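Notes follow once the structure below has been shown.
Model, not experiment: these values are computed from the prediction. When a ligand or atom number is given, it counts from 1 through the structure's own listing order. Values below: all heavy atoms of this structure, side chains included; hydrogens, waters and symmetry mates excluded. Just so you know, residue 1 is the first one in the sequence shown, and it goes up from there.
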Amino acid sequence: MNKKSESLFKKANKFIPGGVNSPVRAFRSVEVTPLFIARASGSKIYDADGHEYVDYVSSWGPMILGHSHPSVIRAICRAARRGTSYGAPTEMEIRMAEMIRRAIPSVEMVRMVSSGTEAVMSAIRLARGFTGREKIIKFEGCYHGHADSLLVKAGSGVATLGIPGSPGIPAKLAELTINLPFNDSAPVRSAVDRYGDEIACIIVEPVAGNMGVVPPRPGFLEDLRKITESRGIVLIFDEVITGFRLTYGGYQNLAGIEPDLTCLGKIIGGGLPVGAFGGKKKIMEMLAPLGPVYQAGTLSGNPLAMAAGVTTLKLLRDDRTLYDKIDGMALTICGEMKRLFAEKGLPAFIHRTGSMFTAFFTGSEVFDFATASTCDTKLFARFFRGMLSRGVYLAPSQFEAAFVSAAHTNDDIDRTLSACTETLREL
Ligand code: HOZ
């Protein structure tokens, strides 16, 4: 049935490790051949065999307007006709920086890079350079890209494949990363009491999206802000997923907490490779060429990516009903799924924050990585395969989020829920 995907996967394996350019895409934990994608439009994605799927992967978050949005495509084409990369500044980069600055008040200055990983890696270096300290605190199950300091006990593919860490990361470097449970301030306080003057930064996904969606408990982010402030530690919000996904701005706008640095990516690139990090002027001014902390990139602020990103942000800024619409659709899907799971008597917790959600296949409440790890991943895999065979494309891992876009329709929701009903019947 998926003949073309199967033969492409076979061929890909000859030349690309594991046949994919990013591990979760290999569909390993759901034990099925990955789909090779031929095209995507609106809420739908089409594989090489011509099958249509309602897409909730949304390129792992960026496609908030749906795939191939005509205005975004027009902007990319217009930009491409003027040249695809100059390695020199352009006016569009200023527009992007101004839009981010206006939308996220804590970001007084911002630098563009080419991926979320690069944004986080640079923000950590900057925090270390600014404070003159080396240790960092991160939370188990949070995923901040694949930079060396951040892969220990991480979420996303690392959690999906059950990899505890990664060879290739010097032990001496890993020792500088302190891993603590998400949603618990007490261990943070203890670590800061013990190592306070050695800690450069605390980095957190304000809503975790890489161990499945795990929202912060009331008070957790506030505590992090208080603790960091009192000890001169840089607080970094990794809003690569949540930035412009939950509101026009960051989750920090909703939470009313101002971190010192913020990392962005995904949506601000409108589907092209982009990342950004920004924050307080006095920290950002440490960056070269103003200051001594070095960071650079040939494709940083790439004109195509800026065109796609600025157009996407404008569309989000100018239609505030859009967030209500996608949140409402996610609410309907999650509410109905919850009902269907309960009807079936299947233990599951469905978490939703705005337009992102995860169904956790476990009977215990999920609030950190240890509790997320109680999920029955084999059962999730069966659910995933049932949904896929009925034309619904979810992330191929228990430890990822589903994303609703503005292009999803009531008809898509109906299709999703009937697929869910039928899939649950056979579980
Ligand atoms: N790290 C991404 C999910 N959180 C997966 C990236 C990809 O495979 O494209």
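For an aromatic pair to be called close, the ring centres must be under 6.0 Å apart, and Phe9 with Phe27 fails this. A ring-centre distance under 6.0 Å is not found for Phe341 and Phe349. Ring centroid separation for the pair Phe367 and Phe220 does not come in under the 6.0 Å cut-off.
Near Tyr143, with a cut-off below 4.0 Å to any heavy atom, the atoms of ligand 1 are 1 (N). For ligand 1, the atoms lying closer than 4.0 Å to a non-hydrogen atom of Ser22 are 6 (C), 7 (C), 8 (O). Near Arg25, meaning under 4.0 Å from any of its heavy atoms, are these atoms of ligand 1: 7 (C), 8 (O), 9 (O). In the vicinity of Glu400, heavy-atom distances shorter than 4.0 Å reach the ligand 1 atoms 3 (C), 4 (N). Annotation for ligand 1: atoms under 4.0 Å from non-hydrogen atoms of Asn210 are 4 (N).
For Arg390 and Thr423, the side-chain atoms include at least one donor-acceptor pair closer than 3.5 Å.
For the pair Trp60 and ligand 1, the shortest N or O to N or O distance falls below 3.5 Å.
For Asp327 and Arg245, the salt-bridge test fails: no basic side-chain N is under 4.0 Å from an acidic carboxylate O.
At the top of the distance list for atom 2 (C) of ligand 1, counting protein heavy atoms only, stands Ser156 OG, 3.8 Å.
Atom NE2 of His351 is surrounded by more than 12 heavy atoms from other residues, nucleotides or ligands within 6.0 Å.
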